[in-house]
Amino acid sequence: MTDFKKELNPLQYKAVIHPDGPLLIVAGAGSGKTRVLTYRIAHLTTRNISPSRILAVTFTNKAAGEMAKRVDKLVNAYVPVSTFHSFCLRVLRKENDRLPYADNFVVYDKSDQLTLIKDCMRRLNVSDKHTKPKMFANEFNHAKNKLITAGKFAEKINDYKKEVVANVYKEYEAALLKANAMDFDDLIMQCVLLFQNNSDILEKYQNKFDHMLIDEFQDTNFAQYTLAKLLVDKHKNICVVGDPDQSIYKFRGADIRNILDFEHDFKGADLITLEQNYRSTATVLNVANDIISNNKNRKEKKLWTENEEGEQICVYKAMDEHDEAEFVINHIREQMSGNPELSLNDIVVFHRIHALTRVFEDHFRRARMPHVILGDVGFYNRREIRDIVAYLRVIANQADDVNFKRIINTPHRGIGSTTQETLARYARSCNITLFEAAENAESVSNLSKAAQRKIVKFMQLIKGFCNAKSKLTTTELVKKVIDDINYIEKVCSSNDLQDRTRIENIKELISAAAEYDNTSEDEIPSIEGFLHEVALSSDIDNWNESEESVTLMTIHNAKGLEFPVVYIIGMEENLFPHYNSSDDPTDIEEERRLCYVGMTRAKKRLSLSCAYHRTVFGQRKVREPSRFLSEIPDEFIEVRISEHRDSFGAEEVPPVPKSKKSQNAKGGYSAGQRVVHSHFGNGKIESVTGKGDSARLTIQFDSLPNPKVLVAQYAKLRSLK
DNA sequence: CAGTCGACTATTTTT
DNA sequence: TAGTCGACTG
C-alpha cells in the first residue's frame with residue numbers, strides 16, 4: 001500500500017487527506033496539482049468509498065485516462081474519470097426517456113453545426129453578407145454555456161442584431177431537435193436542464209456519488225459549474241483544483257469567477273494553496289513569474305522552487321519565419337548532441353495559431369527531423385473520414401439531415417443539386433426528414449423518373465446498412481460501408497500522395513472501430529457508442545507522446561503537460577498577443593496567461609523566438625517583437641540575433657543572394673525559360689504576369705503533374721543557363 | 001450533372 | 001498563400 005505521507009509535501013498531503021466538505025486547491029504551475037488529485041482519489045478509495053461513488057472530472061479524455069491509470073496503480077482500484085462532456089453524454093443516454101430527443105441521438109461537431117446554421121439562415125432568408133454563420137455559432141455556444149435557451153434568449157432582445165440571432169437560434173434549436181442531434185454545448189446544457197426539470201433524476205445522481213473532484217477548475221464555464229453545484233448540493237463533498245493564472249479558455253465560456261467565488265458559494269470551504277514548483281528550473285520559473293505579475297486583475301501568488309538555477313532563456317530574433325524554423329531545428333540538434341539523455345519526444349514547439357506550423361513542417365521535413373503536428377485538420381476532420389462517418393451517422397440516426405445531405409451524392413451517383421433541392425422542398429412541405437422523403441421518392445411528382453430511380457437505389461443501399469447494423473460489429477459495419485459504396489475506388493484511386501494518405505486514413509478508421517469494439521466500456525458496443533466516442537475525441541487524446549519525434553502544438557493543447565525542452569515561436573505583436581486581443585486589456589491578460597502556461601511547461605530549457613519579417617495572408621510584413629519579451633528582465637535571457645542581419649531593425653539583408661535578386665529586379669523571367677526551384681527541382685516557365693518582384697510565374701515543374709504559380713520575389717528560383 | 005476556373009476571404013485558441 | 005464557394009461550360 002502506498003505511503004501517502006512519504007510521497008507528498010505537507011500541504012499536498014493535507015489536501016489529499018482533507019475530510020469531507022468543500023475544498024478549493026489553488027495550485028500553481030508544476031506544484032503537483034494532478035498528483036494531489038490522483039492521490040486524493042486513491043485515498044478516498046482507502047476510506048472505504050467505492051470507486052463507482054467517486055465522480056472525477058478532468059479537461060480532456062487523455063488526462064482522464066491517465067488519471068484513472070495512475071489511481072489504479074496506486075491503490076489497485078478502477079475509478080472512472082470523465083470529462084464534463086463525456087459524463088453528461090452518459091447521463092443523457094441513460095435518462096433518455098425524459099428528453100425530447102430519441103435515444104439514438106447523435107452529437108454534432110463544429111462543422112455539422114455550421115452546416116445546420118447555414119441551412120437555418122437560408123430558410124429564414126438571413127443573408128450571410130454581414131452576419132457570418134460562424135458569428136451565429138459563437139452566439140449560440142456562448143448562450144448555451146450560460147444556460148440560455150433559444151426561448152430565454154428571445155426574452156431579452158434589445159437591438160436588431162439580437163433579434164436576428166434570436167430568430168436563427170430558435171430555428172437552429174428546432175432543426176437540431178428534428179435531426180435528433182445535440183451540439184457540444186448542448187451536452188452540458190441539456191444535462192443541467194434534465195436535472196433542473198426532473199428532481200427525482202437529480203436526486204438519483206446526488207445519491208449516486210459521494211464525492212466530486214474537478215480538475216482545471218479555472219476553465220469551467222457557468223453551465224459546468226451549475227452542473228457541479230447541483231450534483232453536490234446534498235453532501236457538498238466537492239474538491240476543485242485550479243490556477244486562476246492558467247485560465248485560457250474564456251472564448252469557450254470559461255469563467256474565472258468560478259474559482260474566485262468558490263469559497264463564497266460553498267460556505268466553510270477550506271482553501272489550500274500550493275506554491276512550490278517541482279517542475280522547472282529557477283530561471284524558467286522566475287521568468288514566468290515576472291511575466292504573469294504584469295496582470296493587474298489577479299490574486300497575488302508567487303511560485304518558488306528548490307530546483308537548480310538552470311540555463312538562461314534563449315531569445316532568438318529571426319530574419320523571417322524560415323530563419324526561425326531553421327534556428328529551432330539547429331538548436332534542437334545542438335541540444336541533442338550535447339545531451340545523450342535527451343530524446344526527441346522531450347522536445348515541444350508551441351505556437352499561438354496553427355497557421356505557423358506550415359513553414360515549420362516544411363523545414364522539419366526537409367531536415368528529416370521526425371515530428372508530429374497536433375491539431376489543425378484533425379483526423380476526424382479529414383474529408384474521407386467525415387464521409388464514412390456521415391454514413392454511420394445516418395445509419396444510426398435516420399433523422400440526421402445534415403449528414404444525409406452529405407452522403408446522398410458521395411461518392412457521385414448522379415443525384416445532383418436540382419434533385420436534392422426538389423427532395424428537400426418536398427420534405428419541408430410534408431414536415432418530414434430527408435430520409436423519409438427519399439423513401440417516398442417515387443411519389444414525388446416533381447422528380448424525374450431517372451432521379452427517382454437513382455434515389456430508390458441509394459435508399460436500398462442505406463436500408464441494407466440499417467438492417468445489417470444489428471447483426472454486425474462496429475468494425476464489420478464500417479468495412480461493409482466502405483466496400484459497398486466503393487469509396488476507395490471511386491474517391492481515392494489515383495496514385496498520388498493525397499489519395500494514398502486517404503486510403504491510409506480509412507484503414508486507420510477501421511482500426512479505430514476495432515479498438516472501440518475491443519476496449520469500449522459500453523455494455524454493448526454499438527455504432528452509436530462509436531460515434532459518440534468519435535465526436536468527443538480530440539487531437540490531444542490521440543497523441544502518442546512516447547513516439548520518438550518533436551511535437552508541435554498550440555499552447556491551448558499544452559495544458560497539464562510538461563517537457564524538458566520547450567520552444568515558443570512567433571513571439572510577435574499581433575500574433576502573441578493575438579491581433580484580436582490587442583485592444584482589450586482583459587483579453588491581453590488572457591494572452592499573458594497563455595504565455596505563462598506555455599513557459600511553465602518547460603522543465604529545463606526554454607527558448608522563445610520572433611521574426612523580423614513574416615508572411616501573413618500571403619504578404620510579407622515587418623513585425624514587432626511581442627510585448628511579453630520585453631517583460632522579461634535581461635538577466636535571465638541570452639539574446640541571439642539572426643546571422644542574416646547585423647542588428648535588429650537595421651536595413652534588411654535580402655534573403656536571397658544578390659545575383660538572383662538583381663535578376664528579379666531586371667524582370668528577368670520570361671515564358672519558355674528553364675529554372676530550378678529549391679523544392680520542386682527543374683521546371684519551365686509557362687507564363688509571366690506582372691513584373692519585377694511581384695511578378696507571378698506559372699511554372700510547369702518536371703516533378704509535378706500540374707503547373708504551379710509562384711511569386712518571383714519568394715520563389716527563390718535559379719535560372720538554367 | 002460534374003468538373004474547372006476565378007473570385008474572395010481568412011487565422012485565434014477547442015471539448 | 002491556400003482553401004472555399006459560386007458561376008459557367010462541356
Side-chain angles (χ1 to χ4, degrees), chain A residues 57-64 82-89 107-111 113-114 118 128-129 132-134 137-138 141 144-145 182-188 216 219-221 223-224 247-254 321 350-359 362 374-378 380-381 383 409-420 448 450-451 454 532 535-541 553-559 570 574-582 587 590-591 593-595 597-598 614-620 696 706 708-711 713-715:
Chain A
V57 182
T58 63
F59 204 69
T60 63
N61 295 303
K62 185 183 173 64
S82 324
T83 63
F84 271 105
H85 290 84
S86 68
F87 170 75
C88 289
L89 179 54
V107 179
Y108 270 4
D109 65 19
K110 232 196 161 90
S111 92
Q113 184 185 31
L114 279 178
K118 282 181 207 160
D128 60 1
K129 207 73 202 162
K132 296 269 180 284
K134 244 193 177 154
N138 274 333
N141 296 156
K144 290 186 182 185
N145 287 332
M182 294 193 203
D183 63 27
F184 274 124
D185 299 294
D186 268 333
L187 294 178
I188 316 287
E216 308 283 7
D219 278 320
T220 50
N221 60 40
Q224 292 167 329
S247 172
I248 55 175
Y249 279 95
K250 193 180 129 201
F251 68 94
R252 220 172 76 184
E321 66 268 39
F350 289 145
H351 43 264
R352 175 75 232 294
I353 61 168
H354 282 303
L356 297 190
T357 57
R358 302 245 159 96
V359 170
D362 248 32
L374 239 66
D376 215 3
V377 185
Y380 287 106
N381 265 323
R383 197 188 71 167
N409 201 30
T410 308
H412 293 308
R413 38 177 84 87
I415 305 176
S417 54
T418 322
T419 308
Q420 288 185 43
S448 71
K454 287 178 209 160
H532 289 248
L536 295 189
S537 98
S538 65
D539 285 301
I540 195 87
D541 296 336
M553 65 171 90
T554 63
I555 305 177
H556 283 91
N557 265 316
K559 187 195 266 283
N574 293 325
L575 191 52
F576 197 10
H578 190 268
Y579 178 73
N580 292 354
S581 305
S582 50
D587 288 346
E590 173 130 336
E591 295 283 312
R593 289 194 293 271
L594 193 57
C595 182
V597 169
R614 189 180 292 277
T615 304
V616 188
F617 295 136
Q619 280 200 314
R620 200 170 165 83
R696 281 164 192 278
N706 298 313
K708 251 192 126 51
V709 180
L710 301 173
V711 178
Q713 190 181 5
Y714 311 128

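So that the names make sense, note that chain A is the first sequence line, chain B the second, and so on, each numbered from 1.
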For B:dT14, does OP1 or OP2 lie under 4.0 Å from any side-chain N or O of A:His354? yes
Taking only the side-chain heavy atoms of A:Arg358 (C-beta and beyond), determine which of B:dA10, B:dT15, C:dA2 contains the nearest atom. C:dA2
Classify the nucleic acid contact of A:Phe84 as base, sugar-phosphate or nothing, counting any heavy atom under 4.0 Å across all strands shown. nothing
Establish, with yes or no, whether the OP1 or OP2 oxygen of B:dG3 is under 4.0 angstrom from a side-chain nitrogen or oxygen of A:His412. yes
Please state how far atom CG in A:Asp183 lies from atom P in B:dT15, giving the value in whole angstrom units. 15 Å
Would you say that more than 12 heavy atoms from the other residues, nucleotides or ligands in this model lie under 6.0 Å from the NZ of A:Lys134, or not? no
Rounded to whole Å, the CD-C1' distance (A:Gln113 to B:dT15) equals 12 Å
Between B:dT13 and C:dT4, how far apart are the P atoms? Round to whole Å, please. 15 Å
For A:Lys132, report the nucleic acid contact type (base, sugar-phosphate, nothing); a contact means any heavy atom under 4.0 Å. sugar-phosphate
Could you state the CG-P distance from A:Leu575 to B:dA10, rounded to the nearest angstrom? 18 Å
Base, sugar-phosphate or nothing for A:Tyr579? Non-hydrogen atoms, less than 4.0 Å. nothing
Give a yes/no answer on whether the side chain of A:Thr418 brings an N or O atom under 4.0 Å of OP1 or OP2 in B:dC1. yes
Let me confirm one number: the CZ-CG distance from A:Phe350 to A:Asn557, rounded to the nearest 0.5 Å. 9.5 Å
Would one find a side-chain N or O of A:Thr554 under 4.0 angstrom from OP1 or OP2 of B:dT14? yes
Could you state the CD1-P distance from A:Ile353 to B:dA10, rounded to the nearest angstrom? 14 Å
Separation of B:dT12 P from A:His556 NE2 (nearest whole Å): 12 Å
Contact between A:Leu356 and A:Arg614 at the side-chain level, heavy atoms closer than 4.5 Å - yes or no? yes
Between CZ of A:Arg614 and P of C:dT1 the distance, given in whole Å, is 17 Å
When you measure from the side chain of A:His578, which nucleotide among B:dT15, B:dC1, B:dT11 comes out closest? B:dT11
What's the NE2-P distance between A:His532 and B:dT15, to the nearest Å? 18 Å
Identified side-chain hydrogen bond (donor to acceptor under 3.5 Å, both in side chains) counterpart of A:Asn141 within the set A:Asp186, A:Asp185, A:Asn221: A:Asp185
Are any side-chain N or O atoms of A:Tyr249 and backbone N or O atoms of A:His556, one a donor and one an acceptor, separated by less than 3.5 Å? yes
Describe the nucleic acid contact of A:Ser86 in one word from base, sugar-phosphate, nothing, applying a heavy-atom distance below 4.0 Å. nothing
Is there a side-chain contact between A:His85 and A:Val107 (heavy atoms, below 4.5 Å)? no
Counting any heavy atom closer than 4.0 Å, what does A:Lys250 reach on the DNA or RNA strands: base, sugar-phosphate only, or nothing? nothing
Taking only Lys NZ, Arg NE, NH1 and NH2, and the carboxylate oxygens of Asp or Glu, determine whether A:Asp219 and A:Arg252 approach each other closer than 4.0 Å. no
Mark up nucleotides 4-10 of chain C, 5' to 3', with B wherever a protein heavy atom is under 4.0 angstrom from a base atom, S wherever such an atom reaches only the sugar-phosphate, and - elsewhere. -S-----
Counting only side-chain nitrogens and oxygens, does A:Asn409 get under 4.0 Å of the OP1 or OP2 atom of B:dA2? yes
With rounding to the nearest 0.5 angstrom, report the CG to NZ distance, A:Asn409 to A:Lys454. 8.5 Å
In this structure, how many angstroms lie between the P atom of B:dT13 and the CG atom of A:Asn138, rounded? 12 Å
Phosphate oxygens OP1/OP2 of B:dT11: is one of them under 4.0 Å from a side-chain N or O of A:Lys134? yes
Within the structure shown, what part of the strands sits under 4.0 Å from A:Asn557 by heavy-atom distance: base, sugar-phosphate, or nothing? sugar-phosphate
Aro-ring/base stack A:Phe251-B:dT13, d under 5.5 Å, angle under 30°: yes
Give A:Asn61 one of three labels, base, sugar-phosphate or nothing, depending on what nucleic acid heavy atoms sit under 4.0 Å from its own. nothing
